[in-house]
Amino acid sequence: MLTISQLASTAGVTVRTVRHYHHIGLLPEPERDASGYRRYSAQTAVDLIRIRTLADAGVPLARIDALLHAQPPEFAAAITDIDGELQRKIDQLTEYRHRITELASGERLVLPPEVVAILNRMRSLGVSERRVRLERDSWILLQALDPDSMPQRIRDKNARFDDPETTRLYLACDQSVDWDPHDPRLDRLIDELDAWEITHEPDGGRPGNLKLVFSRIFDEASPAWQRILNALAHRAEQRRTAGQRGTAGHGSGAGTLVTSDG
C-alpha cells in the first residue's frame with residue numbers, strides 16, 4: 001500500500017494533481033486507515049499512470065473517465081483511435097517545422113525549386129546576399145506579373161551562369177556597386193562590359209541586351225553603376241551612329257559596320 005506522496009511519485013505527478021483527480025471524481029479516494037492515512041493500492045497507481053498518459057496526450061478528462069471504466073476491447077479500440085489522432089498531429093507539426101525552417105529565407109515559400117536553385121547557385125559563386133535578395137524579389141514579381149515567361153527566363157539565367165565570362169563580369173558588377181564613381185577600376189570594367197556587348201551581338205545586329213543581363217539585378221541608385229550604364233549607353237549610341245553612316249556610305253566604298261535597331 002502506498003501513501004499519497006508515494007503514489008504521486010510513482011506516477012510522475014504531484015500530490016496536488018492526485019487531490020485534483022479525487023475532487024473531480026476521476027480517481028477514487030480511499031478511506032483512511034487506523035493511523036489516519038489514506039493508502040493506495042498498486043491498481044490505483046496503474047490507473048493514475050493511465051490518467052496521466054492520456055491527459056498528456058490531450059485526451060479530455062471526461063473521456064478519460066469513460067475509458068477507465070471501459071471493457072478491454074473498447075479500451076483497446078479507443079487507444080488505437082487516439083494513436084491515429086496523435087500521428088496526424090505529428091504529421092501536421094512536421095510540416096509546420098518544415099515551413100518554419102523555410103521562413104529563414106522566404107524564397108522557398110513562393111518560388112519554384114528551379115529558381116531557388118539559381119539563387120543558391122549565385123550564393124555558391126560568391127554573389128553578395130544583397131544581390132541575391134534583389135534577384136529573389138525580381139523573380140517573385142516576375143512570377144506574379146508574367147508567369148508564362150518563367151521557364152524561358154530560368155533557362156536563360158542558367159545559361160548565363162554556365163558562361164564563365166558572363167559570370168566573371170556579373171561578379172565584377174556585384175563588387176562595383178559600392179565603388180566610388182571615379183574609381184579607376186570602373187574604366188576597365190566598362191571596357192570589358194562593352195566588349196561583352198559587342199561579342200554577344202547576334203548576326204542580325206541586335207545588341208546583346210547587356211542592361212537586361214546585368215542591371216536588373218544591380219541597384220541603379222549606385223553612382224558607380226550609373227556611370228557604367230551611362231558609359232555603355234554612350235558607346236552603344238556611337239556604334240549605332242557609325243553603323244548608320246557606314247551603311248549609307250556603302251555605295252561609295254566606305255566600310256560596312258554592324259547596325260543596331262536598339
Side-chain angles (χ1 to χ4, degrees), residues 104-108 110-240 258 260-262:
S105 62
E107 54 212 33
R108 292 184 179 87
V110 292
L111 292 173
E114 296 84 357
V115 175
V116 175
I118 289 173
L119 300 178
N120 289 333
R121 184 178 186 182
M122 292 172 64
R123 293 184 177 100
S124 68
L125 290 170
V127 178
S128 68
E129 192 60 33
R130 178 174 61 178
R131 299 302 111 201
V132 174
R133 286 197 300 270
L134 288 172
E135 174 84 10
R136 178 204 67 185
D137 292 350
S138 71
W139 281 109
I140 292 173
L141 293 175
L142 179 64
Q143 181 170 251
L145 300 174
D146 190 13
D148 292 340
S149 69
M150 289 283 286
Q152 185 60 49
R153 295 292 181 87
I154 290 170
R155 288 191 292 270
D156 290 345
K157 181 64 68 173
N158 279 314
R160 288 165 185 164
F161 283 130
D162 287 340
D163 177 45
E165 180 63 10
T166 302
T167 299
R168 184 184 69 81
L169 291 175
Y170 189 102
L171 291 171
C173 289
D174 183 20
Q175 296 167 1
S176 73
V177 171
D178 294 323
W179 290 356
D180 185 281
H182 303 293
D183 192 312
R185 291 176 294 179
L186 286 177
D187 296 325
R188 179 179 177 182
L189 181 55
I190 290 170
D191 290 339
E192 292 178 331
L193 291 171
D194 191 48
W196 184 97
E197 176 75 5
I198 295 172
T199 302
H200 286 75
E201 285 184 359
D203 293 338
R206 187 175 182 83
N209 292 322
L210 179 116
K211 186 173 178 5
L212 288 177
V213 174
F214 293 105
S215 67
R216 281 183 177 178
I217 313 306
F218 298 100
D219 186 359
E220 295 188 24
S222 160
W225 187 242
Q226 281 292 340
R227 182 190 165 194
I228 291 174
L229 292 178
N230 291 336
L232 293 173
H234 178 68
R235 293 188 184 191
E237 180 61 30
Q238 286 181 322
R239 285 197 295 275
R240 281 194 294 270
V258 177
S260 170
D261 60 5

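FYI, side chains are in, hydrogens and waters are out, and symmetry mates aren't considered; it's all heavy atoms of this structure. In this text the structure is predicted, and so the values were computed from the model without any measurement.
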- Are any of the side-chain heavy atoms of C173 and L193 separated by less than 4.5 Å? yes
- Task: Check whether the side chains of T166 and W196 place a donor and an acceptor atom closer than 3.5 Å, and report yes or no.
- Result: yes
- Query: Taking atom OG of S128 and atom CG of D174, what is their separation to the nearest 0.5 Å?
  - Reply: 3.5 Å
- Message: Run the side-chain contact (heavy atoms from CB on, under 4.5 Å) test against A224 and tell me which residues pass, sequence neighbours left out.
- Response: W179, L186, S222
For residues 142-152, run the donor-acceptor check on the side chains, cut-off 3.5 Å, and write out each pair with its distance to 0.1 Å, sequence neighbours left out.
unit_1 : atom_1 : unit_2 : atom_2 : d
Q143   : NE2    : V110   : O      : 2.5
D146   : OD2    : S149   : OG     : 3.1
S149   : OG     : D146   : O      : 2.8
Q152   : OE1    : R155   : NH2    : 2.8
Q152   : NE2    : D156   : OD1    : 2.9

- Query: Just how far is it from atom CD of E129 to atom CZ of R133, taken to the nearest 0.5 Å?
  - Reply: 5.5 Å
- Message: Measuring from atom CG of L232 to atom CZ of R227, what distance do you get when rounded to the nearest 0.5 angstrom?
- Response: 10.5 Å
- Message: Tell me the closest heavy-atom pair linking I154 and V115, and the distance in Å.
- Response: CD1-CG2, 3.7 Å
- Residue pair D194 / R239, side-chain heavy-atom distance below 4.5 Å: yes
- Item | With sequence neighbours excluded, residues passing side chain to side chain donor-acceptor pair (under 3.5 Å) with D178 | R130
- Using the test side-chain contact (heavy atoms from CB on, under 4.5 Å), find all partners of D191 that sit at least two apart in sequence or belong to another chain. R235
- Among pairs that include at least one residue of residues 126-165, which meet ring-ring contact (aromatic ring centres under 6.0 Å, His included), considering only residues two or more places apart or in two chains? F161-Y170
- Message: Just verifying a value: how many Å separate R153 CZ and N158 CG, rounded to the nearest 0.5 Å?
- Response: 14.0 Å
- Side-chain ion pair, R131 and E135, N-O less than 4.0 Å: no
- Query: Would you call K157 and D162 a salt bridge, taking side-chain N to carboxylate O under 4.0 Å as the test?
  - Reply: no
- Task: Could you tell me the separation between the OG atom of S176 and the CD1 atom of I228, rounded to the nearest 0.5 Å?
- Result: 4.0 Å
- Item | Steps toward side-chain contact (heavy atoms from CB on, under 4.5 Å) verdict (L111, R136) | CA-CA 9 Å; L111 292 173; R136 178 204 67 185; 3.9 Å; yes
- Query: Does D183 have any salt bridge (Lys or Arg N to Asp or Glu O under 4.0 Å) partners at least two apart in sequence or in another chain, and if so, which?
  - Reply: R185
- Query: If every non-hydrogen atom of G126 is compared with every non-hydrogen atom of L171, which pair is closest and at what distance?
  - Reply: C-CD2, 4.0 Å
- Measuring from L169:CG to D163:CG, what's the distance to the nearest 0.5 Å? 8.5 Å
- Query: Does the side chain of R123 pick up a donor-acceptor pair with the side chain of N120 at under 3.5 Å?
  - Reply: yes
